[in-house]
Colleague: 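One structure, pasted below without further comment.
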2 protein chains.
Amino acid sequence: MSDNKIPYKIYLTEDEMPSSWYNLRADMKNKPAPLLNPGTHQPLTAEELSHVFCDELVKQELDDTTAYIEIPSEIREFYKMYRPSPLVRAYCLEEKLQTPAKIYYKFEGNNTSGSHKLNSAIAQAYYAKKQGLKGVTTETGAGQWGTALSMACSYFGLDCKVYMVKVSYEQKPFRREVMRTYGASVVPSPSDTTGVGRKILAEHPGTNGSLGCAISEAVEVASKDPGYRYVLGSVLNQVLLHQSVIGLETKAALDKYGIKPDIIIGCAGGGSNLGGLIAPFMGEKLKGEADYRIIAVEPASCPSFTRGTFAYDFCDTGMICPLAKMYTLGSSFMPSPNHAGGLRFHGMSSTLSQLYHDGLMEARSVDQVSVFEAAEQFARVEGILPAPESSHAIRAAIDEALKCKETGEAKTIVFGLTGTGYFDLYAYQKFNDGLMSDEIPTDEMIAASVAKLPRI
Amino acid sequence: MSDNKIPYKIYLTEDEMPSSWYNLRADMKNKPAPLLNPGTHQPLTAEELSHVFCDELVKQELDDTTAYIEIPSEIREFYKMYRPSPLVRAYCLEEKLQTPAKIYYKFEGNNTSGSHKLNSAIAQAYYAKKQGLKGVTTETGAGQWGTALSMACSYFGLDCKVYMVKVSYEQKPFRREVMRTYGASVVPSPSDTTGVGRKILAEHPGTNGSLGCAISEAVEVASKDPGYRYVLGSVLNQVLLHQSVIGLETKAALDKYGIKPDIIIGCAGGGSNLGGLIAPFMGEKLKGEADYRIIAVEPASCPSFTRGTFAYDFCDTGMICPLAKMYTLGSSFMPSPNHAGGLRFHGMSSTLSQLYHDGLMEARSVDQVSVFEAAEQFARVEGILPAPESSHAIRAAIDEALKCKETGEAKTIVFGLTGTGYFDLYAYQKFNDGLMSDEIPTDEMIAASVAKLPRI
């Protein structure tokens, strides 16, 4: 069934792995708007940010001019433990769909965190260690980020405190055990261990939590101990920078076989995977060197790109974090306890928001049942049980491939398969039992939380 | 940290993947003893076996003279979806142990079944499909085999009925959901759906089940419907044949870099991984072309090699299966509900038993707490959460590497990392909580079940 020239899996050699991350902002004419101090509404200085983030990460966060930033050798060594990740030609899916499209996916799930999150976790842990810190705090939604950070901290001997969105904590008890095996402590959020957690619990008794709540708690804990800093697995510029390793490897693998994609698809929650996957392609597009259709896919239950507002907003529910200009549903928006935990964020990366605002990429939202239908179809022919988050991209890739079947076009589609669904079996069980549904917010719900946006 | 010449992960190209399986028996002077009819005690004929197994698999089961058997192209295409698997140089583990030993592991866990079991599952499903059957029945212990078979059957459109050892069914509810996602039906064993299941339940009320029980049930179901055959994930000659792909790839990867192992280590339950991993190395040893130390590692709770008897015995608890000559604890032996489910089998492959009997390999047993200590240590430095079964091999590899540290010898150690522990988090939780123990059978317990061996 395979096309003779292209193997099922394209692996780069270790020598071909990128030695620098690519900082997409350097090539953007319209730079993403700066983070603002939530009190003064003035751009945050490096000094202010250094109370929250490690010094080197502050530098990366603020740097929108250096295109290539060298990956420290210690991080490159760690990357070699689980990278390069394969770029897979989905021959079996193509045959199943009977499509003339050529489908590729960059598979980031072949490591114990089960996703791409490890790419940034190891970088952030490295800089924390280098700065002589005792540990880091963070939030986790679906659990992939928390697991990745636990692994990275264990590798460098750092303490790791994880606030886990309550709905995920309950649906994924085994995630907690993986993190504990790597030595992390895990607290369901909102919790009574922080001031902001107690406040949220009082206002929303019985809440399922959200990424926004968990962020507030982790930031509060880090800000009270000078030996700790807060680290975040998505949204931030620094995270997109680290994740550019995904796109750089993808591009190198495609170039090796002379393949030029027509469409690039990624799921989007806070934007870490999508921003990393598209970085070098978007760079070419910005410089007029090539053109690509780029599609962000988000859940219909948390549609920040497709139904949100482009405005300054808090990154967290507790409103203690910096303000970012982004597509947002409002920081008080509480998504339904949708199983695709990693995409349950009210906002979106500033960089991606700016690119979307400038018409450089598309976005669409998909409902959960159709996402699991795509997941099951993919699993059965490609042999990988995908994460619900990743399955948003699978849904869109299958839809595009079916359009090609109608038109007869042999387009080349590349999508990001960010991870595996081995800890999402409650959700699969619901789907297998025919009990899955979706809760799509009404216009009134979104308007109500958008009305509470800060006035800048 | 890496040695310049050897990458962290050695991947073969698709062209370098083996095109034939290697049938170790062809090169054995002392052939494994034939299967006997349990009623007549005469060697089983192909005709008799064909009521239980597919015709082509019967041929493979009985063939002890053909050294190389071509892998059908359909199976080779499927292999390309998840193979070649990487041979990993454990640089980080070596550094952590401060050993001069060079450690490699062949990692079979990068597919959704989470283990090497898919190598034989796809072959057995292929031959069933080719014979025009409607479906297959099987048993599963830890769940890897059942998952692998579900995936393989889904790929070829075959019905799949899985009898899952009750203790694993309860400890691993999510395994069941993976199998269901692939369209299989899963029954906890012993069950009241078969005559033999009802009999075992009556004799051992509240039993946790065992692989032996589950085999009896699956065989009974298959024998009552001519559209079905029974398939088995371990023990049999045909399974070791299919699993030789592990050893052939390992040897090809080592040869590519001119590496000659001193010690080869594999965990052993029924012998599928160990038999596959060592096949080409043992072949060289049999022909006097090379020498290797080969070590089988089994759980102290189910020590068939180290404390069993070399004799004819039933492969199943219900005593309806053929008799195999093997190291056995007696088919009535009920192992403790040890978490390393895949190694809870009273017997051992006939081929491996003969090799062990002839002094061509060593065996040792290890207790469960020390196995999880090795698993945790490995996970933290190598970034992969290993399956409890695989961790038996890790334990022995670490022990050998530590001996090298004492003696200063830079031995090359290769072990099989058969799979991941993502569905074994109950066991990890017990270990994390300090509640793990082991139940090692007394001499009296083993003597009691061995006393019931059939008299041949």
Side-chain angles (χ1 to χ4, degrees), chain A residues 1-2 7-9 11 13-15 73-74 77-84 86 88 91-92 107 109-114 118 147 151-152 154-155 173-178 180-183 372 375-376 379-386 420-429 431-433, chain B residues 1-2 7-9 11 13-15 74 77-84 86 88 91-92 107 109-114 118 122 147 151-152 154-155 173-178 180-183 372 375-376 379-386 420-429 431-433:
Chain A
M1 154 197 327
S2 65
Y8 276 72
K9 296 189 285 322
Y11 279 106
T13 65
E14 287 176 9
D15 292 341
S73 64
E74 292 88 341
E77 287 296 307
F78 187 89
Y79 276 171
K80 288 182 193 166
M81 267 185 11
Y82 70 102
R83 308 198 68 80
V88 186
Y91 284 117
C92 299
F107 180 43
N110 273 350
N111 71 75
T112 283
S113 79
L118 198 51
T147 311
M151 290 172 69
S154 149
Y155 187 78
F174 293 161
R175 274 274 179 214
R176 182 188 63 222
E177 293 307 321
V178 181
R180 286 182 71 205
T181 301
Y182 283 94
F372 274 83
E376 185 190 80
R380 290 187 178 193
V381 292
E382 288 291 320
I384 295 169
L385 191 83
T420 51
Y422 305 145
F423 294 93
D424 299 286
L425 271 304
Y426 272 126
Y428 274 97
Q429 182 171 2
F431 177 73
N432 292 336
D433 290 339
Chain B
M1 154 196 329
S2 66
Y8 276 72
K9 296 188 283 329
Y11 278 107
T13 65
E14 288 176 8
D15 292 340
E74 292 87 341
E77 286 298 306
F78 188 89
Y79 277 172
K80 288 182 193 168
M81 269 186 8
Y82 71 101
R83 309 198 68 82
V88 186
Y91 284 116
C92 299
F107 180 43
N110 274 350
N111 72 75
T112 283
S113 80
L118 198 50
I122 193 63
T147 311
M151 291 171 70
S154 150
Y155 187 79
F174 293 161
R175 275 275 178 212
R176 182 187 63 223
E177 292 308 320
V178 181
R180 285 183 71 206
T181 301
Y182 284 94
F372 274 82
E376 185 190 79
R380 290 188 177 191
V381 293
E382 288 290 321
I384 296 170
L385 190 84
T420 50
Y422 305 146
F423 294 93
D424 299 286
L425 271 306
Y426 272 126
Y428 274 96
Q429 182 171 1
F431 177 73
N432 291 336
D433 290 339

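Naming convention: chains lettered A, B, ... in sequence-line order (proteins, then strands); numbering from 1 in each chain.
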Colleague: What option among B/Tyr182, B/Phe78, B/Phe107 has the most heavy-atom pairs under 4.5 Å with chain A?
Modeller: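 Max contact count across the listed options: B/Tyr182.
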Colleague: Which distance, rounded to the nearest 0.5 Å, do you find between the CZ of A/Arg380 and the OG1 of B/Thr112?
Modeller: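 The CZ atom of A/Arg380 sits 13.0 Å away from the OG1 atom of B/Thr112.
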Colleague: Using a cut-off of under 4.5 Å on heavy-atom pairs, state which of B/Leu425, B/Val88, B/Asn111 scores highest against chain A.
Modeller: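 Counting heavy-atom pairs under 4.5 Å, the top option is B/Leu425.
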Colleague: Can you tell me which portion of B/Asp433 sits under 4.5 Å from chain A's heavy atoms? Options are side chain, backbone, both or neither.
Modeller: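 For B/Asp433, the contact with chain A is made by backbone and side chain together.
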Colleague: Can you tell me which portion of A/Val381 sits under 4.5 Å from chain B's heavy atoms? Options are side chain, backbone, both or neither.
Modeller: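 For A/Val381, the backbone is the part near chain B, not the side chain.
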Colleague: Between B/Met151, B/Arg180, B/Glu376, which shows the greatest number of heavy-atom pairs under 4.5 Å with chain A?
Modeller: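 Of B/Met151, B/Arg180, B/Glu376, B/Arg180 has the most heavy-atom pairs under 4.5 Å with chain A.
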Colleague: Going through the distances and angles, do A/Glu177 and B/Tyr426 end up as a side chain to side chain donor-acceptor pair (under 3.5 Å)?
Modeller: CA-CA 8 Å; A/Glu177 293 307 321; B/Tyr426 272 126; over 6 Å; no
Colleague: Please report the closest heavy-atom contact between A/Ser113 and A/Thr147, naming both atoms and the distance.
Modeller: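 The answer is CA-CG2, 3.8 Å.
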Colleague: Testing A/Glu14, A/Glu77, A/Lys80 one by one against B/Tyr8 for a side chain to side chain donor-acceptor pair (under 3.5 Å), which residue passes?
Modeller: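 Single side chain to side chain donor-acceptor pair (under 3.5 Å) partner of B/Tyr8 among A/Glu14, A/Glu77, A/Lys80: A/Glu77.
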Colleague: Looking at B/Phe174, is its backbone amide N or carbonyl O close enough to the side chain of A/Tyr422 to form a donor-acceptor pair, meaning the two atoms are under 3.5 Å apart?
Modeller: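 No, because the side chain of A/Tyr422 does not come within donor-acceptor range (under 3.5 Å) of the backbone of B/Phe174.
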Colleague: Show, in sequence, the C-alpha distance, side-chain angles and deciding distance for B/Cys92 and A/Tyr155, and conclude whether the side-chain contact (heavy atoms from CB on, under 4.5 Å) test is met.
Modeller: CA-CA 10 Å; B/Cys92 299; A/Tyr155 187 78; 3.9 Å; yes
Colleague: Counting only non-hydrogen atoms closer than 4.5 Å, does B/Arg176 touch chain A with its backbone (N, CA, C, O), its side chain (CB onward), both, or neither?
Modeller: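 For B/Arg176, the contact with chain A is made by the side chain alone.
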Colleague: Is A/Ser154 reaching over with its side chain to a backbone N or O of A/Gly183, donor-acceptor style, under 3.5 angstrom?
Modeller: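 Answer holds: no.
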Colleague: Between B/Asn110, B/Asp15, B/Leu118, B/Thr13, who has the most heavy-atom pairs with chain A when the cutoff is under 4.5 Å?
Modeller: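 Of the options given, most contacts go to B/Asn110.
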Colleague: Please classify the contact between B/Thr420 and chain A as side chain, backbone, both or neither, with a heavy-atom cut-off of under 4.5 Å.
Modeller: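 Neither the backbone nor the side chain of B/Thr420 comes within 4.5 Å of chain A.
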Colleague: Checking heavy atoms, do the side chain of B/Phe423, its backbone, both or neither come under 4.5 Å from chain A?
Modeller: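 Just the side chain, heavy atoms under 4.5 Å.
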